[in-house]
Amino acid sequence: MLRNVSLRAAGYMGRTLQASDMQIHLYAFSVEIALRILIQMSLYLFIAFFLGLFWQTLTVILTLVVWRTIAGGSQFKVFARCLILSGIIVASLVYLSLPVWSGSVTYSLILFTLIAGIYAIYRWVPGGFMRKFTRNSQQRTRQKHKALLLLFLCTTLSFLLEYYGYRLYSQGLIVGIIGGMFLLSPLGFRLLAFIDRTLDSIGRGVQRC
């Protein structure tokens with residue numbers, strides 16, 4: 001359903017802008033991703049609101065979404081899986097961000113995130129779906145620069161939030177970046193691919209029965 005809506009929207013945009021077939025496919029992909037993110041965010045924030053975790057969840061989700069939009073990362077093949085299992089990932093990240101860490105722990109994690117993030121950007125950005133649309137070295141270098149800028153902004157903002165006593169939000173930023181780095185890493189790709197293969201095999205078994 002989402003794909004059909006995306007293709008229709010992309011077709012309309014393509015006719016309006018007189019775009020090529022390749023550009024229309026890019027539009028369709030972008031629209032589909034945007035719709036998925038909108039649906040996921042709305043559902044997760046709706047649940048978080050009733051649990052009294054709205055702002056913490058919003059901090060984690062926005063950080064994760066912006067990071068993945070720029071850096072890329074692994075994802076599930078089927079939207080239903082993405083909706084449910086990404087919800088579990090987001091809930092886990094929010095849970096990790098809830099305990100009030102000491103200042104020394106938070107500052108240490110900020111430093112770790114900065115160093116690990118620079119390494120991750122150098123090695124793996126752009127990753128996953130972003131790699132399909134950045135095929136030459138100049139485009140990939142630009143994505144690395146954007147990811148570095150985002151990393152510096154997030155770690156600086158997290159430092160300032162921690163310094164002025166907004167600890168839950170500083171922790172949410174850091175946890176969101178760390179989660180994004182994990183999904184960008186080879187281990188993140190292997191884990192999600194393993195889950196996809198396992199669910200595919202279970203589905204085939206159910207169909208045979």
Side-chain angles (χ1 to χ4, degrees), residues 33-34 36-38 40-41 44-45 48 53-76 82-83 85-131 133-134 140-193 195:
I33 292 296
R36 288 186 177 195
I37 290 172
L38 181 61
Q40 288 176 261
M41 285 187 65
Y44 301 159
L45 291 175
L53 301 172
F54 180 84
W55 293 110
Q56 295 93 329
T57 304
L58 181 63
T59 303
V60 171
I61 287 178
L62 284 179
T63 306
L64 192 59
V65 166
V66 175
W67 171 267
R68 284 170 60 77
T69 300
I70 293 174
S74 51
Q75 60 183 9
F76 294 104
C82 187
L83 185 65
L85 297 174
S86 294
I88 294 173
I89 292 171
V90 169
S92 301
L93 293 175
V94 172
Y95 177 78
L96 290 173
S97 73
L98 289 179
V100 179
W101 310 329
S102 66
S104 58
V105 170
T106 304
Y107 290 128
S108 297
L109 277 174
I110 293 171
L111 181 60
F112 166 79
T113 302
L114 179 61
I115 296 171
I118 292 172
Y119 175 81
I121 290 167
Y122 173 74
R123 289 295 303 272
W124 303 318
V125 172
F129 57 88
M130 280 301 304
R131 200 167 185 84
F133 305 115
T134 51
R140 292 178 180 177
T141 300
R142 280 198 296 271
Q143 289 305 119
K144 288 181 186 294
H145 290 166
K146 291 178 183 178
L148 278 172
L149 178 60
L150 176 63
L151 177 67
F152 287 128
L153 285 174
C154 285
T155 50
T156 301
L157 181 57
S158 183
F159 178 88
L160 292 172
L161 287 168
E162 173 64 25
Y163 182 80
Y164 287 106
Y166 297 96
R167 186 160 291 171
L168 286 177
Y169 302 105
S170 67
Q171 293 174 185
L173 272 170
I174 292 303
V175 167
I177 291 292
I178 291 174
M181 286 193 294
F182 174 77
L183 294 173
L184 179 67
S185 70
L187 180 59
F189 275 90
R190 285 197 292 269
L191 176 61
L192 268 61
I195 295 172

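Positions are given from 1, in the same order as the sequence printed here.
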Measuring from Leu153:CG to Thr63:OG1, what's the distance to the nearest 0.5 Å? 11.5 Å

Shortest non-hydrogen pair, Thr57 vs Ala48, comes out as OG1-CB, 3.3 Å

Quick one: does Leu109's side chain get under 4.5 Å of Gln171's, heavy atoms only? no

Fit a plane to each ring of Trp124 and Tyr119, take the angle between them on a 0 to 90° scale, and name the class: parallel (under 30°), tilted (30 to 60°) or perpendicular (over 60°). perpendicular

Kindly determine whether Ile61 and Val90 satisfy side chain to side chain contact (heavy atoms under 4.5 Å, CB included), including the steps that lead there. CA-CA 7 Å; Ile61 287 178; Val90 169; 3.8 Å; yes

Taking all atoms of both residues into account, what is the closest heavy-atom pair of Gly179 and Leu64, and its distance? C-CD1, 3.9 Å

Closer than 3.5 angstrom, by distance alone: can the side chain of Ser158 be matched with the main-chain N or O of Cys154 as a donor-acceptor pair? no

Value for CG (Leu150) from CG (Leu157), rounded to nearest 0.5 Å, stands at 10.5 Å

Distance col, row Trp101:CH2 vs Ser170:OG, nearest 0.5 angstrom, shows 7.5 Å

Taking atom CG of Leu93 and atom CG of Leu98, what is their separation to the nearest 0.5 Å? 11.0 Å

In this structure, are over 12 heavy atoms from other groups packed under 6.0 Å from Phe182 atom CZ? yes

Trp67 side chain vs Gly180 backbone, donor-acceptor pair below 3.5 Å: yes

At their closest point, which heavy atom of Tyr169 faces which heavy atom of Thr59, and how far apart are they? CD2-OG1, 3.4 Å

Hey, does Leu62 have a side-chain heavy atom less than 4.5 Å from the side chain of Met41? yes

Side-chain (Tyr44) to main-chain (Leu58) donor-acceptor, under 3.5 angstrom: no

I need the Leu183 CG to Leu192 CG distance, nearest 0.5 Å. 6.5 Å

Taking C-beta and beyond as the side chain, do Leu149 and Ile70 meet within less than 4.5 Å on heavy atoms? no

Here the pair of heavy atoms bringing Leu184 nearest to Phe189 is O-CE1, 3.4 Å

Pairs involving residues 145-163, ordered by first then second residue, that meet salt bridge (charged side-chain N to carboxylate O under 4.0 Å, His left out) (sequence neighbours left out): Glu162-Arg167

With no hydrogens and no angle check, is any side-chain donor or acceptor of Gln40 less than 3.5 Å from a backbone partner on Ser86? no

N/O donor-acceptor pair under 3.5 Å between Gln143 side chain and Ala71 backbone: no

So, do Thr155 and Leu151 sit near enough that their side-chain heavy atoms are less than 4.5 Å apart? yes

When rounded to the nearest 0.5 angstrom, what distance separates CZ in Phe112 from CD1 in Ile178? 6.0 Å

Is it the case that atom OH in Tyr95 sees more than 12 heavy atoms from other parts of the structure closer than 6.0 Å? no

Just wondering, do Tyr107 and Tyr163 contact through their side chains at under 4.5 Å, heavy atoms? yes

Between Val65 and Thr69, the two heavy atoms sitting closest are O-OG1, 2.7 Å

Should Leu114 and Phe152 count as side-chain neighbours, where that means a heavy-atom distance under 4.5 Å? yes

Nearest heavy-atom neighbours spanning Lys144 and Val125: NZ-O, 2.6 Å

